[in-house]
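One-based numbering along the sequence shown.
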Amino acid sequence: MMLYKKEHLSCISYKTDESDGFRHIKVAEGGTIEFHRDSVHNLVFMLDGGIHLDTPDGLHRKIGPNEMVLVPKSCVFTYYVRENSEMIIFSFRILKSVCDKLFIQRMLEHQEGFEPLGVLPFRQPIESFIHTMVFYLNEGLNCEHLHEIKEKELFLLLRAFYSRRELTKLFHEILGEADFRSLVVQNFMRVKNIGELAALANMGRTTFDSKFKTVFGMSARQWILVQIAKQVKMKAMDPDITISDLMDEFNFNSATHFNWFCKKQFKCTPLELIRSCRRIAAAQSGKKSGGSKKKKG
């Protein structure tokens with residue numbers, strides 16, 4: 001048992017913000033997990049049970065015992081928990097260590113050919129590291145300095161005991177120009193046009209367009225339309241959603257504009273999209289009827 005617990009809990013460095021650092025989570029079948037996906041990347045280490053992740057593109061991942069997966073910031077997905085599960089989630093906004101940043105930058109040459117949400121198995125000493133974190137957190141040892149030290153240790157162990165290709169599989173979705181990517185992901189839904197996004201990046205439009213294509217592999221306009229389409233499709237699965245709701249939420253200023261968007265992105269009208277998405281949601285719910293209600297991540 002940890003000694004002097006009152007002193008620890010009253011320390012100015014005691015960590016109260018759960019949106020970053022390490023968290024130990026136990027969730028019952030059908031329970032909810034807070035990923036804080038709008039602001040942080042989440043590295044999930046599954047100890048027991050499992051979670052299922054689904055993306056709007058039809059990608060399905062199951063993360064089982066002794067496996068880890070990175071859920072990137074602003075990733076659009078749903079999840080469900082079919083059994084009692086236990087995990088450690090390490091949430092981070094940026095990598096603090098220069099060594100870690102440099103190591104991840106060197107993965108760029110290996111990043112082709114990987115699907116999103118790559119899963120890796122635990123390997124010693126990662127397994128021991130995770131169980132040690134469970135012990136610390138359960139004992140109430142939740143100092144900010146400990147989280148910083150253990151973050152450095154985690155990435156040191158990953159670099160030492162996993163190949164560069166394995167780590168690229170895990171981290172490839174956050175490779176590249178991390179700060180630029182983060183700025184785009186966090187702000188593309190908040191600006192009125194690409195010119196405003198370029199201004200936020202302190203770039204001229206030509207420089208911005210060139211950098212965007214280098215980092216994201218397509219034009220800003222194409223990428224933004226794809227991201228909005230993913231979110232529209234996810235929202236359209238809500239059984240209570242209406243066309244007006246979708247237009248309001250995604251700032252479509254006319255029915256004609258929204259109809260054009262749906263025809264362009266989904267090859268159907270808004271009403272056909274809603275009906276199709278409801279059928280998909282109902283089918284998925286039927287397949288998982290022995291499990292739990294799906295949660296949005």
message = Between E272 (side chain only) and T269 (backbone N and O only), is there a donor and an acceptor less than 3.5 Å apart?
response = yes
query = H147 vs F22 aromatic rings, parallel, tilted or perpendicular, using cut-offs 30° and 60°?
reply = tilted
key: Side-chain (E139) to main-chain (L141) donor-acceptor, under 3.5 angstrom   = no
request  = For the pair F208 and F180, name the ring-plane relationship: parallel under 30°, tilted 30 to 60°, perpendicular over 60°.
outcome  = tilted
key: Hphob cluster co-occupancy, F135 + L137, side-chain heavy atoms under 4.5 angstrom   = yes
query = Under 3.5 Å, is there a donor-acceptor pair linking the side chains of N138 and H24?
reply = yes
request  = Take T206 and K211, measure what side chain to side chain contact (heavy atoms under 4.5 Å, CB included) needs, and give me the verdict at the end.
outcome  = CA-CA 9 Å; T206 301; K211 180 138 186 152; over 6 Å; no
query = For the residue pair D240 and D238, what are the closest heavy atoms and their distance?
reply = N-OD1, 2.9 Å
message = Using the rule given for side chain to side chain contact (heavy atoms under 4.5 Å, CB included), can you reason through N42 versus V69, listing the C-alpha separation, both sets of side-chain angles and the distance that settles it, and then say yes or no?
response = CA-CA 8 Å; N42 295 278; V69 67; over 6 Å; no
task = Considering non-hydrogen atoms only, spot the tightest contact between M234 and P56 and give its length.
result = CE-CG, 3.2 Å
message = Testing the basics here: between H257 and N253, what is the closest heavy-atom pair and its distance to 0.1 Å?
response = ND1-OD1, 3.8 Å
task = Flag yes if W260 and I274 sit in one hydrophobic cluster, no otherwise; membership is Ile, Leu, Val, Met, Phe, Trp, Tyr, and two members link when side-chain heavy atoms are under 4.5 Å apart.
result = yes
task = Determine the interplanar angle of the F155 and F90 rings, folded into 0 to 90°, and report it as parallel if under 30°, tilted if 30 to 60°, perpendicular if over 60°.
result = perpendicular
request  = Please report the closest heavy-atom contact between R61 and L59, naming both atoms and the distance.
outcome  = NH1-CD1, 3.3 Å
query = Are I88 and L43 side-chain neighbours, meaning at least one heavy-atom pair lies under 4.5 Å?
reply = no
message = Donor-acceptor pair, distance only, cut-off 3.5 Å: does the side chain of N193 make one with the backbone of E196?
response = yes
remark   = Residues passing the ring pair (Phe, Tyr, Trp, His ring centres under 6.0 Å) test with Y136, sequence neighbours excluded, are none
ask   = Any side-chain heavy atom of V71 within less than 4.5 Å of one from L53?
value = yes
ask   = Roughly how far apart are E83 CD and D48 CG, rounded to 0.5 Å?
value = 7.5 Å
query = Do the side chains of K213 and M218 get nearer than 4.5 Å, heavy atoms only?
reply = no
ask   = Same cluster for I25 and V40 if Ile/Leu/Val/Met/Phe/Trp/Tyr side chains link at under 4.5 Å?
value = no
inquiry  = Using only atom types and a distance under 3.5 Å, with no angle test, would you say the side chain of T207 pairs donor to acceptor with the backbone of M203?
reply    = no
remark   = All heavy atoms of K169 vs all of V119, minimum pair found to be NZ-O, 3.2 Å
task = Over 60° means perpendicular and under 30° means parallel, so classify the ring planes of F258 and F261, tilted if in between.
result = parallel
message = Using the rule given for side chain to side chain contact (heavy atoms under 4.5 Å, CB included), can you reason through Q227 versus F188, listing the C-alpha separation, both sets of side-chain angles and the distance that settles it, and then say yes or no?
response = CA-CA 9 Å; Q227 304 315 305; F188 79 93; 3.6 Å; yes
ask   = Considering only heavy atoms from C-beta outward, does the side chain of V191 approach that of L200 to under 4.5 Å?
value = yes
key: N84 (side chain) donor-acceptor with E29 (main chain) under 3.5 angstrom   = yes
request  = Indicate yes or no for a side-chain donor-acceptor contact from T55 to the backbone of F77 under 3.5 Å, with no hydrogens or angles considered.
outcome  = no
message = Any heavy-atom pair between the side chains of F129 and K150 that's under 4.5 Å?
response = yes
Candidate pair E249 and K235, rule salt bridge (charged side-chain N to carboxylate O under 4.0 Å, His left out), full reasoning = CA-CA 9 Å; E249 179 149 355; K235 281 288 183 181; 3.5 Å; yes
message = Quick check for you: to the nearest 0.5 Å, what is the distance between S276 atom OG and L271 atom CG?
response = 11.0 Å
Backbone of C262 reached by a side-chain donor or acceptor of Q265 within 3.5 Å = no
key: Between CE on residue M247 and CG on residue N259, distance to nearest 0.5 Å   = 10.0 Å
query = Any cation-pi pair here, R123 with Y162, using under 6.0 Å and within 45°?
reply = yes
ask   = Would you call I228 and M189 a side-chain contact if the rule is heavy atoms closer than 4.5 Å?
value = yes
message = R205 vs D209, test: salt bridge (charged side-chain N to carboxylate O under 4.0 Å, His left out). Steps then yes/no.
response = CA-CA 6 Å; R205 183 61 187 270; D209 288 344; 3.0 Å; yes
ask   = Looking at residues at least two apart in the chain, or sitting in another chain, which of them share a ring pair (Phe, Tyr, Trp, His ring centres under 6.0 Å) with H52?
value = H60, Y80
request  = For the pair T242 and D245, evaluate side-chain hydrogen bond (donor to acceptor under 3.5 Å, both in side chains) and give the outcome as yes or no after the intermediate values.
outcome  = CA-CA 5 Å; T242 66; D245 292 336; 3.0 Å; yes
message = According to salt bridge (charged side-chain N to carboxylate O under 4.0 Å, His left out), who are the partners of K233, at least two apart in sequence or on a separate chain?
response = none
request  = State whether a side-chain donor-acceptor pair under 3.5 Å links D20 with S91.
outcome  = no
remark   = Scanning both residues in full, the closest heavy-atom pair of V27 with T32 reads CG2-N, 3.7 Å
request  = Please say whether more than 12 non-hydrogen atoms of neighbouring residues, nucleotides or ligands are located less than 6.0 Å from NZ in K62.
outcome  = yes
task = Please round to the nearest 0.5 Å and tell me the distance separating atom CE of M68 and atom CG of L47.
result = 12.0 Å
Test item: L70 and L117 side chains (from C-beta on) under 4.5 Å apart, heavy atoms = no
Hydrophobic cluster membership, F171 vs I130, 4.5 Å side-chain cutoff = yes
Atom pair CG (N66) and CG (L120), whose distance is rounded to the nearest 0.5 Å = 13.0 Å
key: Side-chain heavy-atom pair M87, F45 within 4.5 angstrom cut-off   = no
query = Shared ILVMFWY cluster between I149 and I89, side chains joined below 4.5 angstrom?
reply = no
query = Nearest 0.5 Å, what's the CD-NZ distance between E86 and K26?
reply = 5.0 Å
request  = Indicate yes or no for a side-chain donor-acceptor contact from E127 to the backbone of Q124 under 3.5 Å, with no hydrogens or angles considered.
outcome  = no
